[in-house]
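Worksheet for the structure shown next.
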Amino acid sequence: MNIVIIGGGAAGMSAASKARRMDKNARITVLEKTGYVSYAECGMPYYLSGYFENVNDLLHYPLSEFIEHRGIDVITNAVVDSINRKEKYIESNGKKYPYDKLVIATGAEPRISEGLANYVLALRNMDDVIRIKEKIRGVNDITIIGAGVLGTELFSLLGEKYNVRLISKHEYVLPHMDRDMGNILTDILSRNGKEIEYNSVPTAISGSPGNYSVTTSRGTFNTELVISATGIKPSTELAEKAGLKLTANGLISVNEFLQTSDPDIYAAGDNVATKNIVTGSSDYYPLAQIANKMGRTIGINIFGNKRVFPGALGTTIINVMGYQVGYTGINAKTAAKLGINYGSVSIKAKSKSNYLNGSDIFLKIIYNKNTGEIAGGQIIGKDNAAWRLNVIATAIWGHMKLYDLLYDDLGYEPEYGPVWDPIIISASLGLDKTDQDK
């Protein structure tokens, strides 16, 4: 078996490693366009913020682990030019690599507003984080464009050390959150005295490193460094040129086994469409955990197995000024857009028993009124918010209803939560609502 993998990120290296465990004799080649493979993208904001100083700590494994110990031929700085499906080879730097099975794990690229590319830095891979770390030394004033997951976390973490400004085109940060939860975040951020321009976009940038002039829809200011975090675009050019089927929103279309429209070509990671577990529709979840699981699934299926990749919820949690902030499943906006007869419960509760002075937990759950099933959750809190979000995600995954969640036998210990945990309170209130509707 001759396996070629394009892309050495989470999906690609996970596929390669699993394929090697499946077959010790298969020839496995990975071509990666940058100089690094298997790195922790989610750790990059922490590295830039000075939580640790060695950039190599971001590498899950050194290159030698894959080449010498796992017997995987990893070729870095290799740009793949084309895929020849008829003769079953790819071409990179003038060399042909034949394949029996091909995996496209090309990920995604930063989306930068037109006209700003010469003035901003973007964070996506190891080369990017090394470049930004060099530029950030000696500066004090940083502007971040974009208030999604990456922009908000960069703003929060860099704000511990630098004077940081955030430009958000939305009314609040993390626009996936519903308005009521977004308003809570806005209040938290305002209490921290951080400078944020809401409902604002950059219209022009001029100057040079260390002295940029940025004009937004709200005014003009000077800054030393500008980081763009305005989203990503899936890297699907190779797949499109090869005639593989794409979805309406430009993602690589795959079946439940992660095969593309060519059964000998698989795709995984930030360039593919993923089934939304709640709605059943095609969605986009460019997240590390999902990419790793996709890669592992492909490493199994390449050898003729039929393990299904079931889809995802897009569970996301980040650090915002010391608060664990996250969401899973669908939000109220999506439920309304899809015509789902939904209900919601939003509560403020304590993270611990009262006598231990717990902090506030803000929790929102979305549920289907017709079935009672949990459909989404959002959380903001300092103590144990992350595990509570994961409980909600598990409830959605298991098609649990409000009744099931109310009677779920969660462990109780005063330091970790009150006897009536916020999760249980939310389920109880939701069940009361549904009972009243009957």
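Everything numeric here is computed off the predicted structure, so don't read it as measured data. Values below: all heavy atoms of this structure, side chains included; hydrogens, waters and symmetry mates excluded.
In this structure, the side chains of M13 and V74 come closer than 4.5 Å at one or more pairs of heavy atoms. L251 is not listed as a side-chain neighbour of V272, based on a closest heavy-atom distance of 4.5 Å or more. N319 has its side chain within reach of Y46: a pair of non-hydrogen atoms, C-beta onward, lies under 4.5 Å apart. Y323 places none of its side-chain heavy atoms less than 4.5 Å from the side chain of L185. Within the 4.5 Å cutoff, the side chain of I425 has no heavy atoms near those of the L363 side chain. Within the 4.5 Å cutoff, side-chain heavy atoms of L123 are placed close to those of L48.
Counting only N and O atoms by type, the side chains of T186 and N183 include no donor and acceptor under 3.5 Å apart. S346 and D180 form a side-chain donor-acceptor contact under 3.5 Å, judged by distance and modelled atom types alone. Between the side chains of N384 and S351, no donor N or O sits under 3.5 Å from an acceptor N or O. Between the side chains of N271 and T236, no donor-acceptor pair is found at a separation under 3.5 Å. Residues N140 and N163 bring no donor and acceptor atom of their side chains to less than 3.5 Å of each other.
For the salt bridge (Lys or Arg N to Asp or Glu O under 4.0 Å) with D262, the qualifying choice from K101, R85, K245 is R85, the only one to do so. Here the rule is side-chain hydrogen bond (donor to acceptor under 3.5 Å, both in side chains) with D283, and of T274, T247, N276, N249 only N276 fits it.
Closest approach of D178 to K333, counting heavy atoms only: OD1-N, 3.4 Å.
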May I have the list of side-chain donor-acceptor pairs in residues 399-415 shorter than 3.5 Å, sequence neighbours left out?
unit_1: D404; atom_1: OD2; unit_2: K401; atom_2: N; d: 2.8
unit_1: E413; atom_1: OE1; unit_2: E415; atom_2: N; d: 2.7

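Heavy-atom contacts from other residues, nucleotides or ligands closer than 6.0 Å to CD of Q289 number 12 or fewer. Few gaps surround CZ on F52; more than 12 heavy atoms of other groups in view lie less than 6.0 Å from it. Other residues, nucleotides and ligands contribute over 12 non-hydrogen atoms within 6.0 Å of the OH atom of Y198. Within 6.0 Å of atom CZ in R21, more than 12 heavy atoms from other residues, nucleotides or ligands are found, so the atom counts as buried in its surroundings. Heavy atoms of other residues, nucleotides or ligands lying less than 6.0 angstrom from NZ of K133 number more than 12. Atom CG of N54 is surrounded by more than 12 heavy atoms from other residues, nucleotides or ligands within 6.0 Å. Around NZ of K275, the count of heavy atoms belonging to other residues, nucleotides or ligands within 6.0 Å does not exceed 12. Residue K352 qualifies as enclosed at atom NZ: its count of foreign heavy atoms under 6.0 Å is above 12.
Listed for the Y266 side chain is a donor-acceptor partner under 3.5 Å among the backbone atoms of N301. Not one N or O on the side chain of S200 forms a donor-acceptor pair closer than 3.5 Å with the backbone of I167.
To the nearest 0.5 Å, atom OG1 of residue T279 and atom CD1 of residue I340 are 7.0 Å apart. Interatomic distance, Q324 CD to I380 CD1, rounded to the nearest 0.5 Å: 12.0 Å. Taking CG from L58 and CE from M44, the interatomic distance works out to 6.0 Å, rounded to the nearest 0.5 Å. Here the CG-OG distance, from D270 to S235, works out to 8.5 Å after rounding to the nearest 0.5 Å. Note that the CG atom of L258 and the CD1 atom of I252 stand 11.0 Å from one another [nearest 0.5 Å]. Rounding to the nearest 0.5 angstrom, the gap separating the CD1 atom in I374 from the CD1 atom in I365 is 4.5 Å.
At least one test fails for K348 against the ring of F362: distance under 6.0 Å to the centre or angle within 45° of the axis.
A salt bridge links R165 and D141; the closest N-O separation between the charged side-chain nitrogens and carboxylate oxygens is under 4.0 Å. At a threshold of 4.0 Å, the pair R218-E195 does not count as salt-bridged, since none of the basic side-chain nitrogens sits closer than that to a carboxylate oxygen. Ion pairing of E134 with R137 is present here, as a side-chain N (NZ or NE/NH1/NH2) and a carboxylate O approach within less than 4.0 Å. Using a cutoff of 4.0 Å between basic side-chain nitrogens and carboxylate oxygens, R191 and D187 are scored as salt-bridged.
The side-chain hydrogen bond (donor to acceptor under 3.5 Å, both in side chains) search around T316 returns none, not counting sequence neighbours.
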